[in-house]
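Scroll down for the structure; my scribbles are underneath it.
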2 protein chains.
Amino acid sequence: MSRKPVGDKRTRLVNAAAKLVHEQGFHRTTLADISEESGVPLGNLSYYFKSKDAIGHAVVERLACAYDALRESWEAAPDPRDRLTSFIQLTMTNRDALSRSGCPVGTLCAELSKEGGLVADSATRVLGELRGWIEAQFRLLGKGAASADLANHLLSAIQGVSLLALAFHDVKLVEREARYLQRWVRDLAG
Amino acid sequence: MSRKPVGDKRTRLVNAAAKLVHEQGFHRTTLADISEESGVPLGNLSYYFKSKDAIGHAVVERLACAYDALRESWEAAPDPRDRLTSFIQLTMTNRDALSRSGCPVGTLCAELSKEGGLVADSATRVLGELRGWIEAQFRLLGKGAASADLANHLLSAIQGVSLLALAFHDVKLVEREARYLQRWVRDLAG
DNA sequence: GTCTATATGTGGATAGAC
DNA sequence: GTCTATCCACATATAGAC
């Protein structure tokens, strides 16, 4: 019952692809890059994925699962305000990666939404699920019909500061905006 | 003194490249695309630009000039609050293009900042000039040391909503966030 | 299932005639 | 200055041995 280095090859491929796509973007990441990073020979990729888009889709599915798990952990808190605080705290925790490579979902949407396609659509869906969850928290806070706008506003702020942090390579931007948003959530009437 | 269709070839090339880069992104735009869009034969591009990066740089310079002109027009208003309102109004005016292709500067930064290089740096500089101008308006409003944070907050909101509008292909997002920000600027104490 | 070798297409850049 | 034809590198995808 011997075990290979880290998980099965499919998992290693998706992990490698996720890392590279986040750091370099989807177009700039080649199958050769993924092969090297994962240690799986180039020609073997096609056994696990029939195309580069299929790898991209698997990467997005992996992100979707990660966000599912995060939301579940945030829901351990009974107060929706605390849940939103946890969400904002995530960007604070990841501020180094954000200022280096941006938001893994947001930059993917920005890069691929212009051309459309399966990967772009699934990345947008991940963003949409997150937005829906945020909106639900505002609803629980009694914001009613304004909840959708508030969710878009919060997600915009997070995505926007991630983009600025990436462009200016400035961690402090995330720190300051996160503090700003934490106050904003705390001070919301309701 | 006969005249060619629209301006000299160099200008036509940059205009075509700007349009395509905005709509498709930098990597996905090929020299062949630019050749076709501009009507300038492929092999002739090298006479005007020595590389694709040189074209990208010219496109960003064109954007920088456009924003210079915009800021100058906004400064016709003596009240900094009105100037900021004009800035926010710009995204409202361009909401259709934003929801189709995102912010011309922001998406370029998102795409290229991960790899660095001349084009990424100049795109970031355009964003920085805009940020500096916004900060100056807040300073004129007496916001003092908080002006930098306020500028980053406003620019983040604009960039964030542009990204969401692009991902979800939803014009209404821009309309609602613009209204939100207009109120925010109007209600700022000072 | 795993891998080497390669086919096929495309993109950026250039050579050189006019 | 302008344009046609082409080179070369590289990326995706596949063929087929083991």
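Below, chain A is the first sequence line, B the second, and so on; all start at residue 1. Values reported hereafter were calculated over all heavy atoms of this structure, with side chains retained and with hydrogens, waters and symmetry mates removed.
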Is a donor from one side chain sitting under 3.5 angstrom from an acceptor on the other, for [X] and [Y]?
X	Y	answer
B:Trp133	B:Glu75	yes
B:Gln24	B:Thr29	yes
A:Thr30	A:Asp33	yes

Table of protein N/O atoms under 3.5 Å from nucleotides 16-18 of chain D N/O atoms:
none

Review point. Residues in side chain to side chain contact (heavy atoms under 4.5 Å, CB included) with B:Glu175, at least two apart?
Key: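 Counting only residues at least two positions away or on another chain, B:Glu175 forms a side chain to side chain contact (heavy atoms under 4.5 Å, CB included) with B:Met92, B:Arg95, B:Val171, B:Lys172, B:Arg179.
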Rounded off to whole Å, could you give me the [atom1]-to-[atom2] distance for the [X] and [N] pair?
X	N	atom1	atom2	result
B:His27	C:dT10	NE2	C1'	15 Å
B:Arg28	D:dA11	CZ	P	18 Å
A:Leu42	D:dC10	CG	P	14 Å
B:Leu31	C:dA13	CG	C1'	8 Å
A:Tyr48	C:dG1	OH	P	7 Å
A:Arg12	C:dG1	CZ	C1'	14 Å
A:Ile34	D:dA13	CD1	P	11 Å
A:Leu45	C:dT6	CG	P	19 Å

Point to revise | ILVMFWY network linking A:Leu155 to A:Leu141, side-chain heavy atoms under 4.5 angstrom | key: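 Same cluster: A:Leu155 reaches A:Leu141 through Ile, Leu, Val, Met, Phe, Trp or Tyr contacts under 4.5 Å.
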Practice item. Answer yes if B:Val14 and B:Leu42 sit in the same cluster of Ile, Leu, Val, Met, Phe, Trp and Tyr residues linked by side chain heavy atoms under 4.5 Å apart, and no otherwise. Key: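 Result: yes, single cluster for both.
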Exercise for review: Would you mind telling me which residue lines up with the more 5' stretch of DNA chain D, A:Asn44 or B:Pro41, judged by nearest nucleotide?
Suggested key: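 That would be B:Pro41.
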Practice item. Answer yes or no: does a side-chain N or O of B:Lys52 lie under 4.0 Å from OP1 or OP2 of C:dT14? Key: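 The answer is no; no side-chain N or O of B:Lys52 sits under 4.0 Å from OP1 or OP2.
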Review point. Should B:Tyr47 be listed as having a side-chain N or O under 4.0 Å from OP1 or OP2 of D:dT2?
Key: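 No, no such contact exists.
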**Study point:** salt bridge (Lys or Arg N to Asp or Glu O under 4.0 Å) between B:Glu37 and B:Lys19, intermediate numbers included
**Key:** CA-CA 9 Å; B:Glu37 175 77 23; B:Lys19 174 177 186 288; 3.6 Å; yes
Check your understanding: Contact class for B:Ser35 vs. all strands (heavy atom < 4.0 Å): base, sugar-phosphate, or nothing?
Key ->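 No contact.
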